[in-house]
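Note sheet for the following structure.
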Amino acid sequence: MGRYALQRLLGVIPLLFVVSVLVFMFLHLIPGDPARLIAGQDATLEEIMGIRQQLGLDLPLWKQYVHYMSNLLSGDLGNSIQSGLAVTDMLMSRVMPTLWLTFLSMAWALLIGLLIGVVSAVYRNRWPDYVGTLAAISGMSVPGFWLGLVLIQIFSVELGWFPTGGVDTWKSYILPSITLGMGIMSMLARYSRSSMLETLREDYIRTGRAKGMREYVVIGRHALRNSLIQVVTVAGLQFGFLLGGSVMVETVFSIPGLGRLLVDSILFRDYTVIQALLLIFATQFILINLIVDLLYGVLNPKIRYSS
Amino acid sequence: MSDNSTVMGAGSPLSGEVLPPVKTKGRIGEFVSKFCRQRMSLTAAGFIVLLLLIAVFGPFLTPYNPDEANYEVLMAGPSADHWAGTDEYGRDILSRLIDGTRLTLAVSLSAVFIAAVLGTILGLLSGFYGGWLDRLIMRGSDVLFSFPDLLLAIGIVAILGPGLSNVVIAVAVFGTPSFARIIRSVTLSAKETLFVEAARSMGAKNGRIIWRHIFPETVPSIIVNVSMKVGGAILAAASLSFLGMGAKTTEPDWGAMLSMGRDYLSIAPHIVYFPGIAIFLTVLAFNLVGDGLRDALDPKMKN
């Protein structure tokens, strides 16, 4: 296990390096002079030169990268072009809503997805299976932002049960997390169905039934527990989806989170903030995948020995 | 396991499965009958054919001029005259939906097509030649996989600027690595088959072996992955348009129509409902067809 973990850890380092280079290059990939972009349209030549010097844009690229990385490692992500505020502070104030939203979405998606998957597998090729499968494929096909708007129209505008947006009360999180979790729920439902079907074919399930175990014990204690490992792994890998989806959902429900910040900063061309957010999202995604891989190695001995 | 030491890559594990090589010739009949046995997928395929016809003949089918404003029926709900109601300029929503079918399908299909071509070429080269080329291509796709799909697309559009052609590029870029990975693994197993060895012993050049012998083996996987990716591409393009990074609000793109309607949600929800239903049904149809194709082409699922 130690060797496997070390291998995976070392594998992540070059990946993080390349991602950091790409994100660093982001400012230079945008057509036009970054200093001019930052200074704005009406800036004088001196102002542009000042910004160029201040940001070190007159240095060779590799020096700029070293500069960027050393700032980054000390927690300095630069200042917003738009507001002049420190990007790190801006991010800090936005983290919690996004975390809550993704956490709640994942929680209900995992619960309901598992339930649908298990019921579909147990009643394979009968009506609960068809209903479950259709529900899962539908959930996967529905545009998240549209679902959000429909939920707002029905439950906030017509019925008035929930606020239309913001994060003032716990109620504000209900509609957004239903919206954000829908795609993952569908994916987990389908995954747990096939994983359960596989497990149900195992010998120990037959043994359990043969010795007269009650069906719910066979399903709940033996089949479900064994397929759970894989399902939870997949759930972990889907966090990336939630990060992408949070951009849409936070926009629809006006939630002041990281995703909304990304959209706003793209619309305002606030490149330093975009850069920081891309870096954070990618790093988060890579680290989650690493953790999931390591956990999977802990839970499933076959993996760590084959590597 | 030097290259694939991760259990599941960073991408979505369900988005595309690696299929073992299936002989395409002589099995087409079998495939068609298997596919036709799946009624839901068959219905969905019929729906897609209908959509394609609408995309081609759209201009002849619209009951009204999709761009013509009519200030007498602003935001009118569905009625006998306007089946899907009218929008904030009094334009007929059904006509705009019909007109927008072409744009919506064109954007997503071309993005997936580009991804399929690029990914297949990269996957074939990577799997066939191995070595540093393989490592380079696979590490490259690892990097792309380390950005969540939609965020990668948003990042690319942020660099290139808004507009539908940039949406196509962005969606194609995030679709490419999954094709590359799948085609690579099919290539790896096809490379070891006897007929490839026979071809090589008869003096066939690498290019010929790849094109004539290995590529046909990858076709089923390409078809399945294309059909699985189109739905996602439509959603991604619609999302970008909704965020104001894709289609212009004047274009009859379904995502853009939805985005415009958002401001009138509480007074005229039908402006939002109908484009959303159109997107939903189309994506659903592509996903169902993708499922059916996978089941019909994947021998593991034979039972």
Side-chain angles (χ1 to χ4, degrees), chain A residues 4 7-8 11 14-16 18-19 22 26 29-31 134 137-138 140-147 149-150 152-153 157 187 190-191 233-234 237-245 247-248 251-252 262-263 266-267 269 271 274 277-278 281-282 285-286 289 292-293 296-297 300 303 306-307, chain B residues 1-2 5-14 40 139-140 142-143 145-155 157-162 231-232 234-236 238-239 242-245 254-255 258-259 261-262 265-266 269 272-273 275-277 279-288 291:
Chain A
Y4 169 75
Q7 226 175 12
R8 287 290 294 122
L15 195 58
L16 283 175
V18 177
V19 166
L22 273 186
F26 176 79
L29 287 171
I30 303 160
L134 195 65
I137 298 190
S138 304
M140 216 177 271
S141 311
V142 69
F145 53 98
W146 180 71
L147 180 66
L149 290 174
V150 172
I152 290 179
Q153 163 63 19
V157 177
M187 210 168 267
R190 306 193 62 191
Y191 200 85
T233 314
V234 175
L237 290 174
Q238 296 312 321
F239 258 107
F241 255 97
L242 290 182
L243 294 177
V247 176
M248 304 303 300
T251 306
V252 171
L262 181 64
V263 176
I266 286 177
L267 296 179
R269 298 174 172 266
Y271 292 112
I274 304 176
L277 282 166
L278 288 179
F281 280 129
F285 195 35
I286 294 174
N289 285 331
V292 170
D293 264 3
Y296 197 72
N300 187 349
I303 300 305
S306 67
S307 61
Chain B
M1 292 271 298
S2 58
S5 49
T6 45
V7 189
M8 294 164 209
S12 132
L14 285 178
M40 267 211 289
R139 287 300 88 83
D142 281 351
V143 171
F145 268 131
S146 53
F147 294 93
D149 286 4
L150 190 61
L151 289 178
L152 184 62
I154 290 176
V157 174
I159 293 173
L160 299 176
I234 295 175
L235 286 182
S239 304
F242 179 76
L243 293 175
M245 299 173 192
W254 294 349
L258 231 167
S259 169
R262 190 188 162 197
L265 184 65
S266 51
V272 164
Y273 285 171
I277 292 170
I279 297 174
F280 169 62
L281 289 179
T282 309
V283 177
L284 182 65
F286 275 104
N287 284 344
L288 284 171
D291 260 23

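Proteins get letters first, then strands, A, B, ... in listed order; numbering begins at 1 in each. In this text the structure is predicted, and so the values were computed from the model without any measurement.
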Where does [X] contact chain A at under 4.5 Å (heavy atoms): side chain, backbone, both or neither?
{"X": "F286(B)", "answer": "neither"}
{"X": "L281(B)", "answer": "neither"}
{"X": "I159(B)", "answer": "both"}

Only residue of L284(B), L288(B), L235(B) satisfying side chain to side chain contact (heavy atoms under 4.5 Å, CB included) with S141(A) is L284(B)
Heavy-atom distance under 4.5 Å to chain B: side chain of [X], backbone, both or neither?
{"X": "V157(A)", "value": "side chain"}
{"X": "L147(A)", "value": "neither"}
{"X": "I137(A)", "value": "both"}
{"X": "L15(A)", "value": "side chain"}
{"X": "L277(A)", "value": "neither"}

Check step by step if side-chain contact (heavy atoms from CB on, under 4.5 Å) holds for V18(A) and R139(B). CA-CA 10 Å; V18(A) 177; R139(B) 287 300 88 83; over 6 Å; no
Under the side-chain contact (heavy atoms from CB on, under 4.5 Å) criterion, do F242(B) and L149(A) qualify, and how do the steps go? CA-CA 12 Å; F242(B) 179 76; L149(A) 290 174; 4.1 Å; yes
Atom of L258(B), atom of F145(A) and distance for their closest heavy-atom approach: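 In terms of heavy atoms, the two residues are closest at CD1-CE1, 3.4 Å.
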If you take all heavy atoms of T251(A) and R262(B), which pair is closest and at what distance? O-NH2, 3.1 Å
Between Q153(A) and Y273(B), does the side-chain contact (heavy atoms from CB on, under 4.5 Å) criterion hold? Intermediate values first, please. CA-CA 10 Å; Q153(A) 163 63 19; Y273(B) 285 171; 2.9 Å; yes
Out of V150(A), I274(A), L16(A), return the one with the most heavy atom pairs under 4.5 angstrom to chain B. V150(A)
Max heavy-atom pairs within cutoff under 4.5 Å with chain B, candidates V263(A), V252(A), I152(A), L22(A), goes to V252(A)
Stepwise side-chain contact (heavy atoms from CB on, under 4.5 Å) check, W146(A) with I279(B): CA-CA 9 Å; W146(A) 180 71; I279(B) 297 174; over 6 Å; no
Quick one: which of [options] has the most heavy-atom pairs under 4.5 Å with chain A, could you say?
{"options": "L151(B), V157(B), L150(B)", "answer": "L151(B)"}
{"options": "S239(B), P269(B), A158(B)", "answer": "S239(B)"}
{"options": "L160(B), I277(B), I234(B)", "answer": "I277(B)"}

Within-4.5 Å side-chain heavy-atom neighbours: I266(A) and L243(B):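 No; the side chains remain at least 4.5 Å from each other.
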